Amino acid sequence: MTMASTAHTEVKGDVFHVTEEPHHEGHSTVIGFWIFLMQDMLLFCGLFAIFAWLGGHYAYGPAPLDDGTGKPLFHLAPVAVNTVIMLVSSFTCSLGMVETRKQNAAAALKFFGITALLGLAFLFMQYRETMSLAAVGATIQTSAFLSSFFVIIFTHCLHVIAALVWFVVLAVQINTRGLDDANERRVVCFAMFWNFLDITWVIVFVFVYLMGVLK
Amino acid sequence: MSPDTPHLDPIFGRLTLDAIPFHEPILVGTFAVVALLGLVAVGVVAYFNLWGYLWREWITSVDHKKIGIMYIILAIVMLVRGLADAVMMRLQQAMAFNGSDGYLPAHHYDQIFTAHGTIMIFFVATPLIVGVMNFVVPLQIGARDVAFPFLNNIGFWLTTMAAMLVNLSLFVGEFSQAGWVGEPPLSGAADLPGVGVDYYLWALQISGAATIVGGINLLATIMRMRAPGMTFMRMPIFCWTSLCVNALIVLSFPFLTISITLLTLDRLIGTHFFTLDAGGNPMAYVNLVWVWGHPEVYILILPALGVFSEFAATFCSKRLFGYNSMVFASVSICVIGFVVWVHHFFTMGSGANVNAFFGIATACVAIPTGVKVYNWLFTMYRGRIRFEVPMMWTISFMFVFLLGGLTGVLNSIPAADYVLHNGMMVVAHFHNVAIGAITFAMLGAIDYWWPKAFGFRLAPFWGKVAVWAWTIGFFVAWMPIYVAGFAGVTRRTRVFDEPSLQNLYIIAAIGTAIILVGVVAFLIQIYVSIMNRKALRDVTGDPWGGRTLEWSIASPAPDYNFAFTPIVHDVDAWADMKARGYKRPTEGFKAIHMPKNTGTGIIASILVFVWAFAVIWYMWWVAAVSFVLMLVVLIGHTFNYDRSFYIPEDVVTRAENERTRLLAQQG
């Protein structure tokens with residue numbers, strides 16, 4: 001997983017070709033996945049930009065501090081719980097990574113399993129929040145503010161769902177083949193993806209909820 | 001229209017027999033011709049029993065060279081479609097004067113100008129540059145393949161399926177009538193509730209995803225797979241511009257994804273991002289889409305500039321003048337390209353300061369571009385210029401592109417833009433740049449790298465006819481449009497009230513006919529060369545006296561590209577090797593590790609196509625089934641760990657011995 005390119009090996013004299021070529025299977029996977037995550041982050045950036053623009057367009061409908069009856073629309077306590085769930089899941093995911101590096105497949109799967117369960121809990125909390133918002137008439141169709149709010153939440157949830165599917169597939173593959181090179185690369189990418197989801201959620205929490213309430 | 005529209009058929013959604021345009025004779029005729037050609041193609045494949053060959057050698061191939069060639073074939077097929085649209089528009093505009101309504105009804109005409117732009121950008125220019133980059137970059141950096149060969153294959157098939165979606169809209173339903181960037185509120189559900197905009201959105205969504213995948217792939221390839229000794233500052237300029245382009249793709253295409261996804265949500269489930277009610281703002285779309293749209297312009301132009309740098313060095317038989325400044329100019333264009341998007345809508349009223357910033361930034365693009373033009377000129381100065389077809393494209397490009405660049409600077413002034421916005425001046429400007437740079441470069445590139453792909457050169461005569469016809473045709477077709485633009489004519493006009501303009505449009509139509517001669521000459525050139533391929537055989541693998549690594553190997557390039565990975569000591573590695581008495585190794589070959597072919601790419605892409613078609617027509621059960629199947633296919637693919645094989649030593653030895661024999665024959 002070294003980042004150094006072979007291109008920087010300097011060869012002197014009139015030597016024009018390599019005679020021994022070690023083949024690195026999957027030598028570009030991690031950097032490729034980094035680039036993928038970078039463009040995924042830009043996707044969220046665009047959604048945040050739209051929220052920054054349209055997030056104040058309540059169109060006489062629900063607003064963060066007033067759901068129409070004078071009560072606040074955003075309840076920060078469950079969202080804070082969700083944030084903690086996400087942060088803890090990131091921690092267990094990293095523990096799984098440590099076990100992976102030790103080639104300890106069973107322990108790694110245990111920690112990734114806990115991570116996935118926390119992910120499920122997170123999705124459940126999101127479901128409850130969406131339902132409670134819908135109960136006061138705040139849906140994705142209500143106003144530009146709620147459209148741009150829900151599209152961020154749902155995009156993040158879709159990422160979490162994709163990660164959970166990925167976890168199931170990966171668990172089957174590790175169970176059948178163990179932590180060989182190919183599977184270890186996949187675990188590294190999975191862990192990167194999960195941490196990315198966590199970081200994105202923290203930004204959602206600050207940028208959408210906290211700043212939404214402060215507006 | 002929303003999914004719960006009344007009378008939605010549970011099986012066919014909103015698809016009915018009325019969707020097939022029997023009442024439009026032009027479309028019925030087109031369909032007959034396309035169906036006939038399709039039958040002929042299938043007949044030829046069946047007669048020679050090529051199914052197995054096509055499946056094994058092309059459709060499932062992960063070879064970057066074959067994928068590159070398939071991209072270019074797709075682009076040429078779509079070019080014919082896009083040109084047909086152009087010719088129809090030119091005829092309509094030349095006729096629709098003095099009370100005449102022309103021959104195209106408004107509904108049809110609006111689809112044509114939308115399809116022309118969409119096709120030319122997404123399914124001609126993009127596949128052309130992606131194809132050329134795919135073919136050339138690994139060869140120039142001394143690699144045997146790209147970083148992610150399977151992603152390369154699936155990227156191509158997704159692009160093809162997106163193109164097929166656009167073509168299908170011609171015969172089933174309609175295409176968008178909202179212009180090539182589909183700006184709301186016109187593209188919203190209130191104004192255009194039909195399937196046209198949905199076809200447009202899903203075709204873009206699929207081809208955008210494919211382009212991102214391709215961008216990640218080539219970026220990782222250039223960063224990780226260069227031959228030993230090829231530091232960044234020894235990369236050929238074309239690889240540099242490819243690096244910039246793929247960075248731009250990865251940085252800008254997410255914004256296209258967002259813009260069209262949000263617009264799709266507006267249309268499909270009734271959100272309020274870009275609607276005129278409930279707090280939505282169409283200007284948000286315009287901003288967001290041009291954050292992608294302007295870098296997209298440079299995504300298309302930078303490879304063209306890279307290609308011309310290769311031509312200039314090769315055909316002047318000397319090192320490119322100002323290599324370092326060329327690198328910095330490419331990177332500058334790449335960076336500045338991100339802070340100019342507002343110039344597409346100065347009239348939106350962002351305020352004088354914002355407009356001034358973006359106007360000045362836009363004008364600044366001319367500086368690195370000017371550096372490049374001077375570098376090419378100084379490369380030619382005291383060079384031994386050989387007027388082969390690619391060099392003729394280069395010289396023609398410099399005249400045409402200079403004019404296009406200058407009119408661009410003119411457009412960059414916000415005050416002028418208030419007069420010129422949405423007019424024919426803008427249309428003339430971007431065709432001037434697109435034809436002069438992208439088209440000329442890619443036609444030249446096909447000529448230049450053809451021997452490396454197929455093992456024989458293209459006969460120059462018809463190529464030269466193509467250069468002259470395109471060049472003269474360009475000026476005849478577009479100078480009158482500049483005049484019309486300065487006279488204040490708006491773009492996308494179907495019928496004219498002012499009779500004095502008709503001469504301009506008749507001249508423009510004549511110019512289009514001359515360009516058409518150029519296209520036909522190019523196709524004749526390919527045909528004639530295939531017929532004479534024995535006489536035109538490229539035995540040496542270095543037909544032009546090339547300077548970069550792709551010319552150090554046989555033509556056509558073997559599957560494994562390089563029997564031994566080259567070591568690079570200088571810019572223009574191959575020229576350096578030749579100058580220092582390089583002797584090609586003739587023994588000691590080893591087995592070579594290569595990626596295996598896979599059918600997952602095309603199968604998954606076909607399922608994506610079916611899924612998109614189902615969503616466009618609200619056939620929800622088809623959408624659900626195809627989506628699940630697609631997931632099964634893609635996840636199933638991850639269970640296949642056996643993805644590579646060795647080309648055996650004796651196969652490599654046999655191929656290389658054949659090359660040794662041919663080279664010895666040459667003496």
Side-chain angles (χ1 to χ4, degrees), chain A residues 3 5-12 14-21 23 25 27-29 31-33 35-36 38-47 49-50 53-54 56-61 140-148 150-151 155 165 169-170 172-173 176-177 180 182-183 186, chain B residues 141 147-148 151 212 215-217 219-221 223-232 250-251 253-255 257-259 261-262 265-266 269-273 275 277-281 284 287-288 291 562-569 577 580-582 585 588 590 593 631 635 638-639 641 644:
Chain A
M3 296 288 284
S5 163
T6 51
H8 293 278
T9 12
E10 193 65 46
V11 181
K12 295 266 177 266
D14 290 350
V15 187
F16 293 110
H17 60 80
V18 179
T19 47
E20 288 299 326
E21 303 193 51
H23 189 86
E25 183 93 36
H27 58 305
S28 305
T29 308
I31 197 168
F33 201 73
I35 301 171
F36 166 77
M38 190 177 77
Q39 70 87 25
D40 213 12
M41 187 50 114
L42 284 170
L43 200 121
F44 276 102
C45 287
L47 294 181
I50 283 288
W53 189 339
L54 303 179
H57 294 199
Y58 309 131
Y60 306 105
I140 195 167
Q141 286 102 346
T142 309
S143 66
F145 153 63
L146 286 165
S147 293
S148 55
F150 276 115
V151 83
T155 307
V165 174
V169 173
L170 204 54
V172 175
Q173 287 167 344
T176 43
R177 292 174 54 99
D180 59 358
N183 277 347
R186 292 174 185 191
Chain B
I141 62 174
F148 308 110
L151 290 186
I212 291 178
I216 294 174
N217 198 351
L219 207 52
T221 305
M223 284 161 85
R224 299 282 298 166
M225 294 176 72
R226 281 166 290 128
M230 185 176 277
T231 54
F232 275 117
V250 173
L251 291 171
F253 268 74
F255 292 93
T257 308
I258 301 166
S259 352
T261 305
L262 299 187
L265 289 176
D266 272 2
I269 65 169
T271 52
H272 292 285
F273 293 105
T275 55
D277 57 344
N281 190 340
N287 253 292
L288 210 53
V291 170
F562 298 90
F564 296 103
T565 296
I567 293 176
V568 174
H569 300 276
M577 283 155 83
R580 286 159 67 179
Y582 162 77
K590 296 195 173 71
H593 198 203
L631 280 187
I635 292 176
T638 68
F639 281 87
Y641 285 79
S644 57

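Quick note: numbers below take in every heavy atom, side chains included, and nothing from hydrogens, waters or symmetry partners. Since the model is a prediction, treat every value here as computed from it, not as a measurement.
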Region of A:Thr142 that comes under 4.5 Å of a non-hydrogen atom in chain B = backbone
Separation between OG of A:Ser147 and CG of B:Leu262, rounded to the nearest 0.5 Å = 9.0 Å
request  = Between chain B and each of A:Leu42, A:Val165, A:Thr176, A:Asp180, count heavy-atom pairs under 4.5 Å; write down the option with the most.
outcome  = A:Leu42
inquiry  = At a 4.5 Å cut-off on heavy atoms, which part of A:Leu47 comes close to chain B: side chain, backbone, both, or neither?
reply    = both
message = Which heavy atom of A:Thr29 sits nearest to which heavy atom of B:Phe148, and what is that distance?
response = CA-CE2, 3.7 Å
Whether B:Arg224 side chain and A:Ile31 backbone form a donor-acceptor pair below 3.5 Å = no
ask   = Under the side-chain hydrogen bond (donor to acceptor under 3.5 Å, both in side chains) test, which residues partner B:Thr275, sequence neighbours left out?
value = B:His272, B:Asp277
note = When rounded to the nearest 0.5 Å, the distance separating CZ of A:Phe150 from CD1 of B:Ile269 is 10.5 Å
query = Atom NE2 of A:His57 and atom CZ of B:Phe273: how far apart are they, to the nearest 0.5 Å?
reply = 13.0 Å
task = Not counting sequence neighbours, which residues clear ring pair (Phe, Tyr, Trp, His ring centres under 6.0 Å) with A:Phe36? List them please.
result = A:Phe33
A:Ile50, part contacting chain B, at a heavy-atom distance under 4.5 Å = side chain
request  = Could you tell me whether a side-chain N or O of B:His569 sits under 3.5 Å from a main-chain N or O of A:Phe16, the two making a donor and an acceptor?
outcome  = no
key: Interface moiety of A:Met38 toward chain B, non-hydrogen atoms closer than 4.5 Å   = side chain
query = Distance-only, no hydrogens or angles: does the A:Gln39 side chain make a donor-acceptor pair with backbone N or O of B:Ile216 under 3.5 Å?
reply = no
